Amino acid sequence: MKVFIIGSGGREHAICHKILESPKVEKIFVAPGNAGISEIAECVNIHMEDTRSLLAFAQKEQIDLTIVGPEAPLVAGIVDAFEAEGLKIFGPNKKAAQFEGSKAFTKDFLIRHGIPTAPYKEYLDVEKAIEELDQFGFPVVIKADGLAAGKGVIIAQNKAEAQKALREIMSDKIFGDSGNKVVLEAFLTGIEASILCFVDGETILPMAPAQDYKKAFNHDLGPNTGGMGTYSPSQIIDDEMMLKIKTRLLDPFIKGIHEDGIDFKGILFIGIMIKGDEINVIEYNVRFGDPETEVTLPRLENDLMEVFEAVVAGRLDQIELKWKPEHAVCVIIASEGYPDAYEKGIEIKGTHEVENATVYHCGTKSSEDKLLSNGGRVLGVTALGNTLEQAQKSAYEAAKCIDFPKSFYRTDIGDKIEL
Ligand code: AMP
Ligand code: GLY
């Protein structure tokens with residue numbers, strides 16, 4: 001098969017790496033890809049939101065399956081465009097991608113279908129939102145309705161902070177049109193986890209749970225990021241918890257999309273908050289998590305291409321996911337300053353010298369045989385081990401081998417936690 005992957009991060013590098021194991025795969029193209037991906041696949045210089053050019057490329061190359069990594073092309077309707085031309089593509093269509101494209105859409109769905117989530121209200125008018133702030137108590141969670149590159153959620157500690165954030169989002173439009181509508185939501189406490197599932201419209205198959213570290217610095221200090229590291233399996237979600245997740249969140253999701261006439265095929269990423277017996281949905285995403293993918297796929301025993309094909313063909317009920325018993329840890333090496341301003345174009349050395357680990361490229365490019373940083377999150381170093389401690393040790397030993405000035409990483413990814 002000829003496969004076309006859309007995206008340029010560690011997630012797409014990990015997908016590419018995994019499907020290369022499949023005997024079904026003859027050739028992989030990635031648009032636009034990155035320096036690491038270009039070592040294992042052919043990168044094509046097309047922007048990931050240039051649907052027309054992506055479609056023309058897939059037609060010209062007679063691609064058998066296109067796999068979409070990031071949310072923006074999905075929300076923009078790339079799946080509908082490919083399917084209209086009879087091309088096979090993995091990911092939800094435009095209607096289903098609203099689960100990530102609109103916070104208000106998701107909250108309305110959750111409440112109507114009795115799926116537990118924090119109380120909320122949506123607003124089009126900034127003054128009305130400010131007037132009703134007290135109904136939610138503080139801290140209050142303020143969410144720009146649309147996509148905002150992972151930055152659209154603000155937790156305001158008091159009324160003054162909330163007013164400022166609402167004005168910035170709704171009046172100053174710091175997230176552009178994504179802030180035309182906002183959702184105000186009660187603040188939940190507890191432990192967060194991510195559940196990634198394959199969905200074919202009828203069957204929902206959860207993957208082995210991964211734990212993401214969203215804050216920039218050790219001990220969960222500093223600003224929120226896209227994710228500074230992950231490990232799998234989770235210490236938090238055992239079989240009993242997974243059963244609760246299935247009956248309270250996954251089965252009602254399938255029932256809900258049937259009732260609403262939404263054909264969801266692809267990945268459903270469920271962000272949850274667990275406190276005692278309570279499990280609330282914080283958000284849905286409609287694609288693989290990054291860096292969750294970098295610890296999930298290396299543990300998958302199945303042929304990932306077979307799973308992708310089963311999703312597209314609507315026969316996921318015939319698939320049983322199998323996981324390696326090993327633990328996986330991924331440490332993200334980021335540019336100094338991330339998630340705020342950072343430099344790009346810094347030379348990185350030593351990625352080929354690491355042992356007992358895989359270096360996934362999240363934001364890199366090559367120039368005259370040099371490897372250069374090209375983003376906030378730059379590399380994801382993943383190691384497997386028989387125990388969480390072993391995987392952690394190997395990942396950090398590998399991270400230390402990499403010579404990347406003006407970078408930083410957390411040193412507590414995978415630490416044992418007290419439950
Ligand atoms: P997102 O950018 O949509 O992944 O959300 C960012 C983060 O905001 C989540 O990972 C949570 O840590 C936090 N968050 C979102 N909603 C709530 C909530 N209702 N209560 C507490 N934290 C929340
Ligand atoms: N790691 C969180 C995400 O992919 O949204």
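These numbers come from a predicted model, not from an experiment. One-based numbering, in listed order, for ligands and for the atoms of each.
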Option among N34, I348, I333, I332 that satisfies the side chain to side chain contact (heavy atoms under 4.5 Å, CB included) test with V378 | I348
Counting from 1, what ligand 2 atoms have a heavy atom of [X] closer than 4.0 Å?
| X | answer |
| --- | --- |
| D212 | 1 (N), 2 (C) |
| E292 | 1 (N), 2 (C), 4 (O) |
| G289 | 4 (O) |
| N285 | 5 (O) |

Parallel, tilted or perpendicular for F4 and F57, by the 30°/60° rule?
-> tilted
Please indicate whether any nitrogen or oxygen in [X] is less than 3.5 Å from any nitrogen or oxygen in ligand 2.
| X | answer |
| --- | --- |
| G226 | yes |
| K214 | no |
| R377 | no |

Test item: side-chain donor near acceptor, D415 and Q392, under 3.5 Å =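 A donor-acceptor contact under 3.5 Å links the two side chains.
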Worked verdict on Y360 versus H17 for ring-ring contact (aromatic ring centres under 6.0 Å, His included) | CA-CA 9 Å; Y360 294 113; H17 207 267; 5.6 Å; yes
Relative to ligand 2, is R287 under 4.0 angstrom through side chain, backbone, both or neither, heavy atoms considered?
-> side chain
Does ligand 2 have a heavy atom under 4.0 Å from the side chain of T230, from its backbone, from both, or from neither?
-> neither
Hey, mind stepping through V153 and K103 against side-chain contact (heavy atoms from CB on, under 4.5 Å) and telling me if it holds?
-> CA-CA 10 Å; V153 176; K103 308 270 188 210; 4.2 Å; yes
Which N/O atoms of ligand 1 sit under 3.5 Å from a protein N/O, and at what distances?
from, atom 1, to, atom 2, distance (Å)
ligand 1, 3 (O), K103, NZ, 3.2
ligand 1, 3 (O), E283, OE1, 2.6
ligand 1, 4 (O), K214, NZ, 3.1
ligand 1, 4 (O), E283, OE1, 3.2
ligand 1, 4 (O), E283, OE2, 2.7
ligand 1, 10 (O), E192, OE2, 2.7
ligand 1, 10 (O), K214, NZ, 3.1
ligand 1, 12 (O), E192, OE1, 2.5
ligand 1, 12 (O), E192, OE2, 3.4
ligand 1, 16 (N), K143, NZ, 3.1
ligand 1, 19 (N), E185, OE2, 2.7
ligand 1, 19 (N), A186, O, 3.0
ligand 1, 20 (N), L188, N, 2.8

Ring centroid separation F138 to F187 under 6.0 Å |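 Ring-ring flag for F138/F187: false, centres at least 6.0 Å apart.
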Does the ring of F269 carry R287 above it, NZ/CZ under 6.0 angstrom from centre and within 45° of its axis?
->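 Flagged: R287 positioned over aromatic ring of F269.
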Ignoring hydrogens and angles, tell me if any N or O in the side chain of Q390 forms a donor-acceptor pair with the backbone of N386 under 3.5 Å.
-> yes
In plain terms, say whether K181 and E122 are close enough for a salt bridge, that is, a side-chain N and a carboxylate O under 4.0 Å apart.
-> yes
Start with the C-alpha distance between F264 and F253, add both sets of side-chain angles, then the distance that settles ring-ring contact (aromatic ring centres under 6.0 Å, His included), and finish with yes or no.
-> CA-CA 10 Å; F264 192 109; F253 176 80; 5.7 Å; yes
